[in-house]
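Lettering of chains follows the sequences in order, A, B, ..., and the numbering in each one begins at 1. Computation of the quantities below employed the complete heavy-atom set of this structure, encompassing side-chain atoms and omitting hydrogens, waters and symmetry-equivalent molecules.
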Number of protein chains: 2
Amino acid sequence: MKYIEKLRNSGLRPTKQRLQICEVLFDTEKTFHFTINDLANKIRKQLNNKISLATVYNTVHAFEKKGYLKQIPINSNQTYFDTNVSDHHHFYDLKDEKLIDLEASEVGPIKILKQINGKKIKSVEVLVKLED
Amino acid sequence: MKYIEKLRNSGLRPTKQRLQICEVLFDTEKTFHFTINDLANKIRKQLNNKISLATVYNTVHAFEKKGYLKQIPINSNQTYFDTNVSDHHHFYDLKDEKLIDLEASEVGPIKILKQINGKKIKSVEVLVKLED
DNA sequence: CACTTTTTTAGAATCGTTATAAACTAGAAA
DNA sequence: TTTCTAGTTTATAACGATTCTAAAAAAGTG
């Protein structure tokens, strides 16, 4: 398994559940956006496997902390995650409530002209809301 | 009362509660960020007044729909609103969990170089995360 | 005042997320 | 292997923000 080492190197034990979640998250051609519920359903369907919702929460948060997933800053009742951890942005289609990636290269360079006392910029994220 | 007309013109009846909420929200020198709970507490303290939490929710949503308030897209368990409805952006201090305004003029022009089929851009919002 | 519609309200319901504590598992050491 | 320990999984309870409900109150109209 290609994920065993990756997990070990992160200080995460490669458990059956984590490896399965890795498969669903990272064994895909394209990156994608998901909520915890989306993911739990996908695992159950795709792997015909019951997995505790608590484990999905735990794992997603562990992976996020390690930088394998990103949270998408958006107002919704559910939290959205992204398997695309590269520097990029999002469209949000207000009508269909769907997210679409917007690569950093598809946005002109962003200059932040204001500084905050002892703080450093960790990330700059753009959300473009779409309407019909 | 200066807000009576404003409310009437929006098709909202100028009730005692709405006028009081207007006072707390808009009778300030500076704009500010708040959650529903922040606001409810502020009203109770500042106006020595009990007001139903449900009314605060109703009113804030009504005001948002009318464009007197903006929701701030950020991941938090609570929804943040802004009395600053001008085109602007935000810093988010990850450590202190505080929001700071970032005026549009303090960000270089943002060019969105990707188009989505039949959709129009409604807004472009930047979130700058800060760390120490 | 009489009447209709909107609004407020307390409390219940909902639902995403987190906490709990017991059972289980991985890894290491003997 | 066997034993041990810390890390993990799990079902379920708890939590908390938000929404719903339905009845009472207030606003607007004639």
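Atom CD1 in A/Ile4 sits about 10 Å away from atom P in C/dA26, given to the nearest Å. Following rounding to the nearest Å, A/Leu53 (CG) and D/dA14 (P) show an atom-to-atom distance of 18 Å. Computed from coordinates, the A/Leu7 CG to D/dG7 P distance equals 16 Å when rounded to whole Å. When rounded to the nearest whole Å, the span between CG of B/Leu39 and P of D/dA17 equals 15 Å. Taking atom CD of residue B/Gln20 and atom P of nucleotide C/dT8, one finds them 11 Å apart after rounding to whole Å. Taking atom CZ of A/Arg18 as the reference point, atom C1' of D/dT9 lies 9 Å away to the nearest angstrom.
The phosphate of D/dT18 (OP1 or OP2) has a side-chain N or O of B/Thr79 nearer than 4.0 angstrom. A close approach under 4.0 Å does not occur between any side-chain nitrogen or oxygen of A/Ser52 and OP1 or OP2 of D/dT9. Between A/Tyr57 and C/dT18, a side-chain N or O to OP1/OP2 separation shorter than 4.0 Å is absent.
Taking the six-membered ring where the residue is Trp, A/His61 and A/Tyr57 present tilted rings, their angle falling between 30° and 60°. Note on ring orientation: taking the six-membered ring where Trp is involved, the planes of A/His88 and A/His90 are perpendicular (angle over 60°, cut-offs 30° and 60°).
Interface residues of residues 60-69 of chain B facing DNA chain C, ordered by number: none; criterion, heavy-atom separation under 4.0 Å.
Between A/Lys120 and B/Asp132, none of the side-chain N atoms (NZ, or NE/NH1/NH2) sits under 4.0 Å from a carboxylate O, so this pair counts as no salt bridge.
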| A/Lys98/A/Tyr92 under side chain to side chain contact (heavy atoms under 4.5 Å, CB included): CA gap, chis, key distance, verdict | CA-CA 6 Å; A/Lys98 267 193 354 194; A/Tyr92 183 56; 6.0 Å; no
Atom pairs and distances, side-chain donor-acceptor, residues 45-55 of chain A, under 3.5 Å, sequence neighbours left out:
residue, atom, partner, partner atom, Å
A/Asn49, ND2, A/Gln20, OE1, 2.4
A/Ser52, OG, A/Ala54, N, 3.2

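Contact detail for A/Leu19 and A/Pro14: the closest heavy-atom pair is CD1-O, 4.0 Å. Nearest heavy-atom pair across A/Ala104 and A/His89 is CA-CD2, 4.0 Å.
Geometrically, A/Lys2 does not engage A/Phe26 in a cation-pi contact, judged by NZ or CZ lying under 6.0 Å from the ring centre and within 45° of the ring axis.
For the pair A/Phe81 and A/Ile36, the minimum side-chain heavy-atom distance is below 4.5 Å.
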| task | Starting at the 5' end of nucleotides 20-30 of chain D, put B wherever the base has a protein heavy atom under 4.0 Å, S where only the sugar-phosphate does, and a dash everywhere else. | result | -------BS--
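Nearer to the 5' terminus of DNA chain D, by closest-nucleotide assignment, is the contact made by A/Asn58 (compared with the other of A/Asn58 and B/Tyr80).
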